[in-house]
Amino acid sequence: MGLEKALAKQGFLLTKVDALTNWARANSMWPMPMGLACCAIEMMAFAGPQYDVSRFGSEVFRFSPRQADLMIVAGWTTYKMSHAVKRIWDQMPDPKWCVAMGACASSGGMHRVYGVVQGIDQFLPVDAYIPGCPPRPEVVIHTLQTIQEKVKKEHSVLQD
Amino acid sequence: MENQLIEKIKESNFHDKIVDVRSYAGEMTIVVHSQDIVAVCKSLKEQFGFSYLADISTVDHYTDENRFEIAYNIVNMADRQRLRISTFVEEDDPSLDSVIPVWGAANWFEREAWDMMGIRFNGHPDLRRIFLPEDFEYHPMRKEFPQLGIPGTLEMPEKDPPKDYK
Ligand code: SF4
């Protein structure tokens with residue numbers, strides 16, 4: 001039974017606040033592109049017309065952290081850059097989620113050197129890791145859906 | 001063309017400052033003593049038209065003598081010629097004169113050499129680190145520096161945002 005049918009018959013609808021907010025949040029992810037290296041190219045493809053992530057309820061990329069709720073860290077993060085990444089993360093309003101895209105963001109990848117943070121989870125709370133060097137845009141879409149599943153299971157409003 | 005250049009350099013007024021001439025894979029290198037570097041560069045620029053300093057690179061040979069090699073890659077735009085000037089400094093005093101008076105482009109190259117290899121350039125107007133944080137104590141391109149760095153020497157952000165964050 002579709003939503004319209006139910007509404008047409010009864011004129012109202014019973015649900016939980018959490019279910020409603022989580023449904024809205026999950027289907028309007030606004031990613032903050034933190035493109036730091038080659039993975040950023042695949043991240044752009046993920047948002048571009050060919051893979052078109054809008055089909056899955058993720059809207060435009062937002063270059064302002066204050067308008068975004070999903071940070072995609074795509075590429076290796078140097079110690080010097082990590083401060084900027086953290087600062088941008090701190091500026092994003094709650095609730096927010098974080099994806100470590102690619103081997104480098106997840107673990108340092110092939111950049112096993114003194115200047116690169118060996119995995120951004122050392123300073124960010126990461127929700128999902130994407131393996132690959134670089135990952136295909138399909139897997140980024142899959143990760144987005146994983147994050148959406150996670151968002152739908154959250155119980156935020158009543159417990160806060 | 002390379003040979004002509006070598007011949008001309010051998011006849012020039014600074015030929016006695018040249019220790020060695022090497023040619024490999026079509027690339028020419030002249031080796032000079034580190035105290036002569038500015039004089040040789042100046043002559044090459046003024047008499048031979050090498051007006052463009054493309055890069056300064058450093059090598060850590062990790063030997064007891066002549067540990068660090070500093071190579072200046074220069075270009076003569078008009079004649080389309082390239083030349084490399086190499087010089088060596090010792091481990092206990094890795095310093096030589098800055099070539100900024102000859103090529104202004106040397107400024108950032110020398111800062112990089114200082115940052116990465118710890119070569120000091122006398123007379124450099126602003127010899128600060130260029131890549132690494134100012135308070136970093138090591139020179140990571142030296143052979144004795146561990147590849148994964150020294151834990152705790154590079155700062156990472158706190159996990160929690162600062163208390164007074166707005
Ligand atoms: S994982 Fe591979 S493609 Fe991605 S930033 Fe690292 S090196 Fe580049």
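In the text below, chain A, chain B and the rest are named by the order of the sequence lines, each starting its count at 1. These numbers were taken from a predicted model, which means no experiment stands behind them.
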query = Taking everything shown except A/His83 itself, do over 12 heavy atoms lie less than 6.0 Å from its NE2?
reply = yes
request  = Look at atom NZ of B/Lys42 and say whether more than 12 heavy atoms of other residues, nucleotides or ligands are closer to it than 6.0 Å.
outcome  = no
ask   = How about residues 110-122 of chain A versus chain B: which residues have heavy atoms under 4.5 Å apart?
value = A/Arg112, A/Val113, A/Tyr114, A/Gly115, A/Val117, A/Gln118, A/Asp121, A/Gln122
task = Write out, in numerical order, the residues from residues 92-123 of chain B with a heavy atom short of 4.5 Å from a heavy atom in chain A.
result = B/Met116
ask   = For chain A, which residues from residues 44-76 of chain B lie under 4.5 Å away (heavy-atom distances)?
value = none
request  = Residue by residue, scan residues 132-144 of chain B and write down, ordered by number, those that have a heavy-atom distance under 4.5 Å to chain A; if none do, write 'none'.
outcome  = B/Leu132, B/Pro140, B/Met141
task = Would you indicate whether B/Lys8, at its atom NZ, is surrounded by more than 12 heavy atoms from other residues, nucleotides or ligands within a distance under 6.0 Å?
result = no
ask   = Closest heavy-atom contact between A/Tyr79 and B/Glu155?
value = CD2-O, 3.6 Å
query = Given the rule that I, L, V, M, F, W and Y join up when any side-chain heavy atoms are under 4.5 Å apart, are A/Met44 and A/Ile72 in one cluster?
reply = no
task = Would you kindly confirm whether A/Met32 and A/Trp97 end up in one hydrophobic cluster when ILVMFWY residues are joined by side chain heavy atoms under 4.5 Å apart?
result = no
ask   = Are A/Leu124 and A/Val140 in one and the same hydrophobic cluster, where Ile, Leu, Val, Met, Phe, Trp and Tyr link if side-chain heavy atoms are under 4.5 Å apart?
value = no
task = Might you confirm whether atom NZ of A/Lys80 has over 12 heavy atoms from other residues, nucleotides or ligands at distances under 6.0 Å?
result = yes
query = Do A/Leu36 and A/Tyr129 share a hydrophobic cluster (ILVMFWY, side-chain heavy atoms under 4.5 Å, transitive)?
reply = yes
inquiry  = In this structure, would A/Trp89 and A/Val99 fall into the same cluster of hydrophobic residues linked by side-chain contacts under 4.5 Å?
reply    = no
